[in-house]
Amino acid sequence: MGEREVLSACAFDCPDGCGFSYEPSSGRLWGRRDHPYTAGFVCHKLRSFFHALGDQGRLKMPLLRDGGELREVSWDRALSVLAERLERAVQRDPRRVLWATGSGNVRLENLAFDLFSKSMGGFTGLKGSLCGGEGGSGLRESYRVRRHVPPEEVLKSKRIVLWGRNVAETNPHFVPIIARARTLGAQVGYLDVRPTRTDHLADRVWRVLPGADLALAMYLCRRLLDSKVLPEGEFQGFEDFVWAVRGLRDREVMAASGLNAQELEDLFRFVSSGGPVSIWAGWAIQRRLGGDAVMRSIDSLVFLLGSQDVVGGGMVFSADDEAPMPDGIVDAPFGRLAPRPSVGRFILDAKDPPVELVLFSRCNPVSQCQDASSLEVALQGVFSVCLDWRLSATARRSSLVIPVAPFPEQPQGVVFSYWHDLLQLCRPVLSGPCPYEGEVLDRLLEMLGKERVVQKGASELVRRVLSNPGLSEVAQGIWRFPHPAHHQGAFRFPRGEELNRLVQGSAGGCHFQRLRLVTPHRFDGVNGGGTEPWAQGADGLWAYLSPLQLEGLGVSNGAEGWLESTFGRVKVRFAPMDGLREGVCVVFSGQEGVNRLIGPQLTDCWNNRLSEAWVRVIPSS
Ligand SMILES: Nc1nc2c(c(=O)[nH]1)N[C@H]1C(S)=C(S)[C@@H](COP(=O)(O)OP(=O)(O)OC[C@H]3O[C@@H](n4cnc5c(=O)[nH]c(N)nc54)[C@H](O)[C@@H]3O)O[C@H]1N2
Ligand SMILES: Nc1nc2c(c(=O)[nH]1)N[C@H]1C(S)=C(S)[C@@H](COP(=O)(O)OP(=O)(O)OC[C@H]3O[C@@H](n4cnc5c(=O)[nH]c(N)nc54)[C@H](O)[C@@H]3O)O[C@H]1N2
Ligand code: SF4
Ligand SMILES: [Mo]
């Protein structure tokens with residue numbers, strides 16, 4: 001250990017939750033070896049980020065739009081413009097201010113920033129998720145309390161199913177654990193719509209059509225029931241569920257999944273030939289109407305397999321990352337709620353009162369929210385302020401940009417993983433040119449004659465999180481969090497009527513001349529905060545189709561053209577992707593423009609439907 005080495009943790013929105021060491025004198029960065037999951041390495045994304053933070057071109061001063069252009073202004077000017085706008089809006093109605101947040105960093109104490117809204121009388125806040133909210137709420141219905149499945153339990157699995165979960169690219173520290181499970185005899189199956197690096201980790205890969213998952217899970221349940229498997233343990237709603245799965249025909253499953261009879265048979269044999277079975281589900285499969293039912297059907301499959309609450313078995317999605325949050329720090333901070341996934345539509349339509357000022361913090365919705373076309377229009381009609389450490393797509397369209405310190409330059413805080421169970425200190429390892437966001441908000445409160453409550457609230461939150469008596473120390477600044485070790489309550493099957501309605505709606509291959517748009521997360525960036533040149537739009541957007549489909553459309557590799565949907569049109573270049581099915585078009589997310597193609601429709605709980613999009617190819621003539 002070097003003398004001046006600082007221990008910290010990565011606060012990116014990434015399941016791995018790595019612990020790292022940083023040596024400021026040499027700029028050396030490495031993964032903590034005493035962190036049970038980091039195993040001594042951190043990924044390229046964190047390295048590129050540190051590189052970008054040291055960049056000369058980094059945003060250091062506020063920018064204010066003046067005659068159409070963003071121009072550098074002094075801190076005093078930026079803050080007084082903002083304070084004046086805030087005062088004016090709040091005097092009329094605090095709900096005229098929209099406080100839009102995201103997952104640019106996942107430090108728990110960010111929650112205390114909502115105290116800013118509360119102090120100002122309650123802005124309009126956001127509700128609903130761009131990420132795993134829909135699937136998460138579904139899985140909470142299955143059991144009264146869900147158990148946490150530690151990743152290392154796969155070492156006890158006989159079958160590991162990566163169901164639309166691209167671990168090799170989005171959860172890299174899972175790779176060595178799964179590889180070890182294979183040496184211990186586990187078989188790995190992978191269901192995805194396109195080839196990925198995770199293919200190399202799997203014994204069997206099923207290439208399915210987008211949206212196939214509900215029909216597939218119901219089919220597998222039916223096959224188990226046909227072979228006279230009966231559920232064990234306490235359960236509810238079984239007969240209704242059986243009625244729904246028995247009503248699903250094989251040809252409907254084949255049409256929905258693109259798999260033939262033999263492939264379906266292989267998949268059934270794979271999951272049913274001996275447990276424990278652990279199924280690790282990804283995010284794209286639940287970003288749709290009924291995403292909760294998709295997850296509950298896979299959960300039902302695991303239940304029927306007898307692999308719930310068994311070491312090495314389980315249905316695992318996102319671990320409960322809100323579990324360590326103490327109550328009573330920030331109660332009812334908002335006067336009104338707007339849907340996070342389609343915030344642009346809300347700004348355009350809001351009345352009583354309308355939105356006149358938008359504050360973006362830790363989010364890049366112009367790139368990441370669905371219905372981005374509407375947001376781009378909406379931002380032309382309101383005063384918007386973007387707090388970010390860099391000039392994101394959203395910052396570039398805002399009226400005022402306030403540069404703030406990114407997580408390695410922030411005061412001590414805490415991060416928690418949605419994959420493993422470690423709570424970690426996230427320490428300041430660098431000093432930078434910009435203030436902490438908490439300080440900016442407190443300054444504004446002070447300018448408006450109010451008490452500085454934000455940073456105090458953040459420290460109190462950290463103190464309360466760390467005073468949880470259930471924590472056990474693993475290493476310096478790392479604790480295990482006491483997640484439930486067992487499910488509690490009877491297993492509740494999903495409602496048959498809803499399953500039937502959803503599966504009928506999702507069945508069927510391609511619409512005439514339309515392709516299903518798939519927008520996966522990139523290997524080389526985190527969401528819409530990527531620091532690589534591609535994420536800044538340097539390379540333009542690439543749309544991938546099956547080689548045969550490209551040929552059929554008369555489009556050559558590298559040719560320019562357009563993708564068009566009901567909601568927008570974007571310029572792309574086309575390329576073939578081997579192994580992609582016909583009727584599918586892949587454009588990576590995390591880049592400005594992609595989400596212009598996706599519409600505003602939400603699920604019942606205001607979660608996103610990012611996985612439900614259709615596009616048409618328009619070749620350049
Ligand atoms: N490198 C990297 N890592 C990340 C992130 C990142 O941006 N980059 N983001 C982080 C975040 S916020 C999240 S939520 C997670 C997401 O982690 P993942 O869930 O692994 O990533 P996704 O790209 O959402 O979807 C996973 C896979 O589902 C496939 N897929 C799409 N539609 C369907 C479908 O209908 N059925 C099936 N079976 N498969 C389908 C996609 O092709 C993709 O390979 O990753 C986290 N880690
Ligand atoms: N089409 C499509 N769209 C998607 C997805 C998809 O798969 N397909 N995935 C969705 C998912 S899973 C997620 S989680 C969302 C994520 O979308 P968002 O919630 O918008 O989060 P990020 O894209 O990570 O954007 C983070 C922004 O915060 C900034 N930032 C980073 N650290 C800080 C900080 O400390 N302070 C401040 N003020 N800013 C900071 C970054 O520079 C970046 O501009 O995107 C969703 N959008
Ligand atoms: S982005 Fe994820 S894998 Fe990379 S260092 Fe951070 S937590 Fe680890
Ligand atoms: Mo996410």
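Whatever order the structure lists ligands and atoms in, that order sets their numbers, starting from 1.
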Taking non-hydrogen atoms only, is [X] closer than 4.0 angstrom to ligand 1 via side chain, backbone, both or neither?
X    : result
K45  : side chain
V208 : side chain
P520 : both
D13  : both
N527 : both
P15  : side chain

Is there a polar contact between ligand 1 and [X], counting only N or O atoms under 3.5 Å apart?
X    : answer
W283 : yes
Y418 : no
D524 : no
R194 : yes
F523 : yes
N166 : yes
G525 : yes

Nearest protein heavy atom to [atom], by residue and atom, and its distance?
atom                    : value
atom 38 (N) of ligand 1 : D213 OD1, 2.9 Å
atom 31 (C) of ligand 1 : A284 CB, 3.4 Å
atom 35 (O) of ligand 1 : G211 N, 2.7 Å
atom 28 (O) of ligand 1 : G164 O, 3.4 Å
atom 40 (C) of ligand 1 : V193 CG1, 3.6 Å
atom 2 (C) of ligand 1  : R522 O, 3.2 Å
atom 13 (C) of ligand 1 : H521 CE1, 3.8 Å
atom 41 (C) of ligand 1 : D192 OD1, 3.3 Å

Exactly one of T170, D192, N171, T198 should register a side chain to side chain donor-acceptor pair (under 3.5 Å) with R165. Which one does?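 Of the listed residues T170, D192, N171, T198, the side chain to side chain donor-acceptor pair (under 3.5 Å) partner of R165 is N171.
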Can you give me the closest heavy-atom contact between V526 and D13, atom names plus distance?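 For V526 and D13, the tightest heavy-atom pair comes out as CG1-O, 3.5 Å.
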Could you name the option among S257, C131, P210, S318 that has the heavy atom nearest to atom 14 (S) of ligand 1?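 Comparing heavy atoms across S257, C131, P210, S318, the nearest one to atom 14 (S) of ligand 1 lies in C131.
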Nearest to atom 3 (N) of ligand 1 by heavy atom, L580, T170, T196, T519: which? T170
Check ligand 1 against G282 and write out every atom of the ligand that is under 4.0 Å from a heavy-atom position of the residue.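 Under 4.0 Å from G282, ligand 1 has these atoms: 19 (O).
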Of all the atoms in ligand 1, which lie at a distance below 4.0 Å from a heavy atom belonging to V518?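 Under 4.0 Å from V518, ligand 1 has these atoms: 31 (C).
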Are any of the side-chain nitrogens in [X] or [Y] under 4.0 Å away from the carboxylate oxygens of its partner?
X    : Y    : answer
K45  : D16  : no
E437 : R362 : yes
R223 : E265 : yes
E322 : R140 : no

How far apart are the C-alpha atoms of F574 and L563, what are their side-chain angles, what is the distance that settles it, and do they pass the side chain to side chain contact (heavy atoms under 4.5 Å, CB included) test? CA-CA 10 Å; F574 293 99; L563 287 181; 4.0 Å; yes
Checking ring-ring contact (aromatic ring centres under 6.0 Å, His included) between Y418 and each of W283, F481, F317, which is the one that passes?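 The residue from W283, F481, F317 that satisfies ring-ring contact (aromatic ring centres under 6.0 Å, His included) with Y418 turns out to be W283.
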I want to check something: taking the side chain as every heavy atom from C-beta on, are M577 and P195 in contact at a cut-off of under 4.5 Å?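 Touching, per the 4.5 Å side-chain cut-off.
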Does the side chain of L548 come within less than 4.5 Å of E582's, by heavy atoms?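 The answer is yes, as the side chains (C-beta and beyond) meet within the 4.5 Å cut-off.
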Can you tell me if R596 uses its side chain to pair, donor with acceptor, with the backbone of V570 under 3.5 Å? no
Has R427 got a side-chain atom pairing as donor or acceptor with L7's backbone, closer than 3.5 angstrom?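 It does hold such a pair.
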Numbering the atoms of ligand 3 from 1, which are under 4.0 Å from a heavy atom of P172?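 Listed by number with element: 3 (S).
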With distance as the sole criterion, is a donor-acceptor pair present between the side chains of Q262 and D266 under 3.5 Å? yes
How about T101 and W99: does a side-chain donor come under 3.5 Å of a side-chain acceptor?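 No - no donor-acceptor pair under 3.5 Å links their side chains.
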Hey, does the Lys NZ or Arg CZ of R197 hover above the aromatic six-ring of F523, less than 6.0 Å from the centre and inside 45° of the axis?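 Satisfied, under 6.0 Å and within 45°.
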Considering residues at least two apart in sequence or located in another chain, which fulfil the side-chain contact (heavy atoms from CB on, under 4.5 Å) criterion with D421? Y37, H148, R480, H483
Taking side-chain contact (heavy atoms from CB on, under 4.5 Å) as the test, write out the residues that go with H51, two or more places apart. none
Sort by chain and number the protein N/O/S atoms found under 2.8 Å from atom 6 (Fe) of ligand 3.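 Counting only protein N, O or S atoms under 2.8 Å from atom 6 (Fe) of ligand 3, the list reads C10 SG.
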By salt bridge (Lys or Arg N to Asp or Glu O under 4.0 Å) - contacts of D213 (at least two apart): none
Determine the interplanar angle of the F407 and F20 rings, folded into 0 to 90°, and report it as parallel if under 30°, tilted if 30 to 60°, perpendicular if over 60°.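 Tilted: the ring planes of F407 and F20 meet at 30° to 60°.
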